Amino acid sequence: MGREKSEEIRVRFAPSPTGELHIGGARTALFNWLFARHQSGKFILRIEDTDVVRSQENFTQSIIKDLKWLGLNWDEGPQVGGEYGPYFQSERVSIYSEFAGQLLKSGQAYLCFCTPEELEERRKEMHKLGKSPRDDEPCRNLSSEEKSRLKKQGRKPVVRFKVTREDKIVVEDLLKGKVVFDCQTLGDFVLIKSNGLPAFNFANVIDDTLMRINYVIRGDDHLSNTPRQILIYQALGFSPPVFAHLPMILGSDGSRLSKRHGATSISYYCEQGYLPWALVNYLALLGWSTVDSQQLFEPDELIEKFTLEKVGKSAAIFDVNKLKWMCGEYIRRFKPEELLELLFPYFGKLFDIPENLSLVERERLLKIVKLEQERIRILSEIDKAEFFFNSHFSYDEKAVNKRLKRDYVIDLLKLLKEKIDKLSSFTENSLEGEIRSAAEELSLSTSKLFHPLRVALTGKMQGPGLFEVAVTLGKKEVLRRINRTLQMLKDIK
RNA sequence: GUCCCCAUAGUCUAACGGAUAGGACACUGGGUUUUCAUCCCAGCGAUGGGGGUUCGACUCCCCCUGGGGGCACCA
């Protein structure tokens, strides 16, 4: 497994377009990307679309879109090309057949005419007899007469690799160490399916070799496939890459991550307004860490500090909660102007606010962003600012019961209305002064005035500073909302 | 079933065979604040079990248990 030091590092992410990019795939892509960038190597994207039944063109597109959203740019692959293409396996079929032919000729592979049904049937039988499926590989030594007889029956053969029964295969994994597999447990596996398309293990080895991939970094669910791939490397006289099998990401209950645990697709996190870098930063910490347990990284910093040596070996559980925290950290780091730009799609979707605003309207939006910035962790949480845009917001029931259903409140609101109406300058300071002096006149604690007024203006018990909210709403709107609240209270009685 | 991988708090993790086992999220309490949030302080909380090796084990070895993955004409 000797690699020359001068050799350029080339790694790849090889998704199959049978679904959207999910958390696990994104993490694999990320670690490959980080490794490549840290080593100043190349990150290659290859689409493994040899499953004609499940592969879909639109999944390829959405995977590409999501990788771009995450900022994981590739040096070779779809849309960018490269000298080792094509980068879609469906366009490389003739290459695989050629190598399969070579193995067939040398006797390292053979044609198998069994149908999937027959195999399934016999597997069950062997299991019943307590034998391994290895004891049943009837097509291994067919005579040419038998072959032509089976062909005449219209059977379409697969190409199987003839696995030696004696050897042991040692996988030298960068993360797991030496892992030994006994060929006796492997079984002759398929290289070329009966439809002429290559099976995963075969296409993988051919492409990794031809594309000069020298580090294969992938999930450790592939560890058990590795001996089969090493067998192919050996049979073809190729030198295998360095393998690094990453620990899995599991769901909250420790089982395989699935929809049961909530959203797993990257596009969901995009829609919900998680910041891509927050997701990247969080994912990086699933299985990798620094000695000082640093949590937040700038992009360049992460690339600089990332090494495979610090990748752990035990599976990690995906914790949305920590991801949200991290996202909140990054949201707070933005300048309000920047955050406003990110928030525009949500303002549009949530409150029908168009992008082409007047300067005044934009200033007001900016002010609202400033007020909410430390209260949201993901962009879609800006929905809590609804009351700024909707005069007909609904009152929170608990808030009404706790803050408004008090004897003094109706008189208080009437009084505040008068005082606010008379204010010549409507600023945070003047308003606060006015209300504090009102509290003194009535010998009430200030909170006895603040709380009901907040509910009257926002319908809620919590939110940004009362006077900032009021000034943002404007004097007229404040008076209107107090009236509306008075009306509501009257209706209750 | 079989083969393989893994095992530090609820979660992510740190710790040349030699600290009171460190940090982060969450949680609890306190401070700041008109509420919430932010911010600050404090607290809770872990080496799965059993055997070895060693002067000394989270760390090395074995067994058990638990979890995960493979065993497809899916990748």
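Numbered from 1 within each chain, the chains take letters A, B, ... in sequence-line order. Values below: all heavy atoms of this structure, side chains included; hydrogens, waters and symmetry mates excluded. This is a predicted model, so every value here is computed, not measured.
Comparing rC73(B), rG10(B), rC36(B) against the side chain of R160(A) picks out rC73(B) as the nearest. The side chain of Q295(A) has rA24(B) as its nearest neighbour among rA24(B), rC4(B), rC12(B). Of the candidate nucleotides rC73(B), rC25(B), rU34(B), rU34(B) has the atom nearest to the side chain of F467(A). Comparing atom distances between the I317(A) side chain and each of rC4(B), rC12(B), rA75(B) picks out rC12(B) as nearest.
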Could you please spell out the steps behind the ring-ring contact (aromatic ring centres under 6.0 Å, His included) verdict for Y282(A) and F318(A)? CA-CA 9 Å; Y282(A) 174 72; F318(A) 183 74; 5.6 Å; yes

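Using a 4.0 Å heavy-atom cutoff across all strands shown, S252(A) reaches no nucleic acid atom at all. P464(A) comes within contact range of at least one nucleobase, with a heavy-atom separation under 4.0 Å. Residue R436(A) is in sugar-phosphate contact alone, with no base atom involved, counting any heavy-atom pair closer than 4.0 Å across all strands shown. Within 4.0 Å (heavy atoms only), E428(A) reaches no atom of the nucleic acid at all. Residue contacts for R332(A): at a heavy-atom cut-off of 4.0 Å it reaches the sugar-phosphate backbone alone, with no base atom in range.
Between the side chain of R403(A) and the base of rU35(B), no donor-acceptor pair of N or O atoms lies under 3.5 Å. Remark: the N225(A) side chain and the rA75(B) base include a donor-acceptor N/O pair separated by less than 3.5 Å. Between the side chain of S194(A) and the base of rC73(B) there is at least one donor-acceptor pair of N/O atoms closer than 3.5 Å.
Between rA75(B) and K193(A), a contact under 4.0 Å exists linking OP1 or OP2 to a side-chain N or O. Contact annotation: T185(A) does not reach the phosphate of rC4(B) (side-chain N/O to OP1 or OP2, under 4.0 Å). One finds a side-chain N or O of K313(A) lying less than 4.0 angstrom from the OP1 or OP2 phosphate oxygen of rC6(B). Between rG69(B) and R256(A), a contact under 4.0 Å exists linking OP1 or OP2 to a side-chain N or O.
Ring geometry, F31(A) versus F306(A): the interplanar angle exceeds 60°, so the pair is classed perpendicular (tilted spans 30 to 60°). The aromatic rings of F35(A) and Y215(A) sit tilted, their planes meeting at an angle between 30° and 60°.
Considering CD of Q294(A) and CD of E301(A), their distance stands at 4.5 Å, rounded to 0.5 Å.
Contacts between residues 17-25 of chain A and RNA chain B, counted as heavy-atom distances below 4.0 Å, involve no residue at all. Residues from residues 278-289 of chain A with heavy atoms under 4.0 angstrom of RNA chain B, sorted by number: L285(A), L286(A), G287(A), S289(A).
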